[in-house]
Amino acid sequence: MNNPLDTNLFDRAVIFATRAHGGTERRGKGYPYIIHPMEAVCIVASMTNDPEMLAAAMLHDTVEDTSVTIDEIRREFGDRVADLVQHETAPVPDDLPWHERKEAQLAQLANAPYDSKVVAMGDKLSNIRTLAADYRVMGDQLWNRFHAPNGKEDIAWYYHSLAEALSDLAGTAAYLEFVNLIFEIF
């Protein structure tokens with residue numbers, strides 16, 4: 001007889017993230033924000049069944065986008081989950097110019113452990129799927145939404161750089177989809 005799958009940690013992460021993001025909307029999309037972490041989890045689940053990585057994918061935006069602190073994540077879910085979330089949301093000073101902030105984020109990601117890159121791929125692939133869908137409808141008008149000083153050119157640089165920072169994942173279907181969407185959009 002097979003052991004049943006232990007989903008306790010993941011189940012708690014789903015409840016925690018749902019409460020943390022409760023009442024918030026995905027940037028102008030008209031649907032609950034929690035849909036994005038759910039999609040990130042599905043992407044991560046295509047690469048691993050590690051419950052801590054799945055929990056981290058579910059929680060990846062709680063520290064960045066809600067009042068939740070990394071210490072709360074650590075208390076509730078343990079050191080590894082907190083470390084995975086922290087790699088995804090490592091602080092970069094807001095007062096830096098856009099390009100410098102992105103370069104700092106990219107450097108952090110490039111130097112992150114493999115497991116952290118898997119969690120980041122869940123987030124980044126979910127984001128570029130949304131971008132691609134919007135681009136198909138809006139075309140180049142899409143880039144007016146962004147704070148990047150050079151619009152589409154800067155966003156293209158950022159996504160190409162993300163692909164490079166995440167290249168350890170090159171053998172995965174998620175990475176291939178990510179790269180294909182970059183080339184479709186840019």
Side-chain angles (χ1 to χ4, degrees), residues 5-27 29 31-96 98 100-131 158-159 161-169 172-175 177-178:
L5 182 63
D6 181 3
T7 63
N8 180 51
L9 181 72
F10 178 70
D11 295 344
R12 288 189 301 114
V14 169
I15 293 165
F16 189 94
T18 301
R19 286 182 180 150
H21 291 293
T24 60
E25 177 184 327
R26 178 79 164 153
R27 235 182 260 150
K29 292 294 183 193
Y31 56 76
Y33 189 90
I34 198 66
I35 300 298
H36 166 64
M38 288 177 168
E39 182 178 23
V41 168
C42 291
I43 294 164
V44 171
S46 75
M47 294 183 275
T48 183
N49 64 357
D50 181 315
E52 291 174 320
M53 292 172 68
L54 297 174
M58 191 68 204
L59 298 164
H60 80 271
D61 274 343
T62 57
V63 174
E64 185 175 334
D65 293 339
T66 76
S67 62
V68 171
T69 67
I70 199 66
D71 290 334
E72 289 176 81
I73 298 293
R74 194 170 305 285
R75 271 193 312 275
E76 293 290 324
F77 300 99
D79 289 336
R80 182 164 178 244
V81 172
D83 290 346
L84 290 165
V85 170
Q86 193 161 29
H87 281 133
E88 178 67 10
T89 60
V92 173
D94 287 334
D95 60 345
L96 289 176
W98 184 91
E100 289 180 42
R101 276 195 330 270
K102 295 302 181 189
E103 284 177 336
Q105 292 168 347
L106 289 163
Q108 290 170 359
L109 184 57
N111 294 313
Y114 183 86
D115 290 355
S116 296
K117 290 180 181 186
V118 171
V119 173
M121 177 54 74
D123 176 35
K124 305 310 182 196
L125 178 52
S126 174
N127 289 342
I128 201 165
R129 282 176 176 173
T130 300
L131 273 181
Y158 176 66
Y159 273 94
S161 298
L162 277 172
E164 187 176 321
L166 294 169
S167 63
D168 292 355
L169 307 176
T172 67
Y175 183 84
E177 180 183 354
F178 184 73

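The structure presented is a predicted model; accordingly, all values stated were derived computationally and were not measured.
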**Q** Got more than 12 heavy atoms from elsewhere within 6.0 Å of CZ, Arg19?
**A** no
**Q** As an exercise, state the distance from CZ of Phe178 to OG1 of Thr172, rounded to the nearest 0.5 Å.
**A** 11.0 Å
**Q** Considering only heavy atoms from C-beta outward, does the side chain of Val44 approach that of Met121 to under 4.5 Å?
**A** no
**Q** Decide yes or no for Gln105 and Tyr158: does some side-chain heavy atom of the first lie under 4.5 Å from some side-chain heavy atom of the second?
**A** yes
**Q** Please report the interatomic distance OG1(Thr24) to CD1(Ile34), rounded to the nearest 0.5 Å.
**A** 7.5 Å
**Q** Here's a test for you: under side-chain contact (heavy atoms from CB on, under 4.5 Å), which of Leu59, Asp123, Val63, Asp83 qualifies with Glu88?
**A** Asp123
**Q** Start with the C-alpha distance between Asp50 and Arg80, add both sets of side-chain angles, then the distance that settles side-chain contact (heavy atoms from CB on, under 4.5 Å), and finish with yes or no.
**A** CA-CA 11 Å; Asp50 181 315; Arg80 182 164 178 244; 2.8 Å; yes
**Q** Treating Thr18 as the side-chain partner and Val14 as the backbone partner, does any N or O pair qualify as donor plus acceptor under 3.5 Å?
**A** yes
**Q** Quick one: are Val85 and Phe77 in side-chain contact, heavy atoms under 4.5 Å?
**A** no
**Q** Mind listing the closest non-hydrogen atom pair of Asp168 and Tyr114 along with its distance?
**A** O-CE1, 3.6 Å
**Q** Please round to the nearest 0.5 Å and tell me the distance separating atom NE2 of His36 and atom OG1 of Thr130.
**A** 8.0 Å
**Q** Do His87 and Val119 make a side-chain contact, defined as non-hydrogen atoms from C-beta onward lying under 4.5 Å apart?
**A** no
**Q** Return the minimal non-hydrogen interatomic distance between Ala174 and Leu125, and the atom names on each side.
**A** O-CD2, 3.7 Å
**Q** Which heavy-atom pair separates Leu84 from Ala56 by the least distance, and what is that distance?
**A** CB-CB, 3.5 Å
**Q** Can you see which heavy atom on Ala40 is nearest to which on Ser126, and at what distance?
**A** N-CB, 4.5 Å
**Q** Taking the side chain as every heavy atom from C-beta outward, state whether Pro51 and Asp6 have any atom pair closer than 4.5 Å.
**A** no
**Q** Find the distance between OH (Tyr175) and CE (Met47) and round it off to the nearest 0.5 Å.
**A** 12.5 Å
**Q** Could you pull out the closest heavy-atom pair between Ala112 and Lys117, with the gap in Å?
**A** O-CE, 3.3 Å
**Q** Working to the nearest 0.5 angstrom, can you tell me the gap between Asn111 CG and Leu106 CG?
**A** 11.0 Å
**Q** For a salt bridge (Lys or Arg N to Asp or Glu O under 4.0 Å) with Glu39, tell me which candidate from Arg129, Arg26, Lys29 qualifies.
**A** Arg129
**Q** Compare all side-chain heavy atoms of Val81 with those of Leu9 and state whether any distance is below 4.5 angstrom.
**A** yes
**Q** CD of Glu72 to OG1 of Thr69: how many Å apart, nearest 0.5 Å?
**A** 4.0 Å
**Q** Determine, step by step, whether Phe10 and Asn49 satisfy the side-chain contact (heavy atoms from CB on, under 4.5 Å) criterion, reporting the C-alpha distance in whole Å, the side-chain angles of both residues, the deciding distance to 0.1 Å, and the verdict.
**A** CA-CA 11 Å; Phe10 178 70; Asn49 64 357; over 6 Å; no
**Q** Can you give me the closest heavy-atom contact between Glu164 and Ser167, atom names plus distance?
**A** O-OG, 2.9 Å
**Q** Taking CD in Glu100 as the centre, count heavy atoms belonging to other residues, nucleotides or ligands within less than 6.0 Å. Is the count above 12?
**A** yes
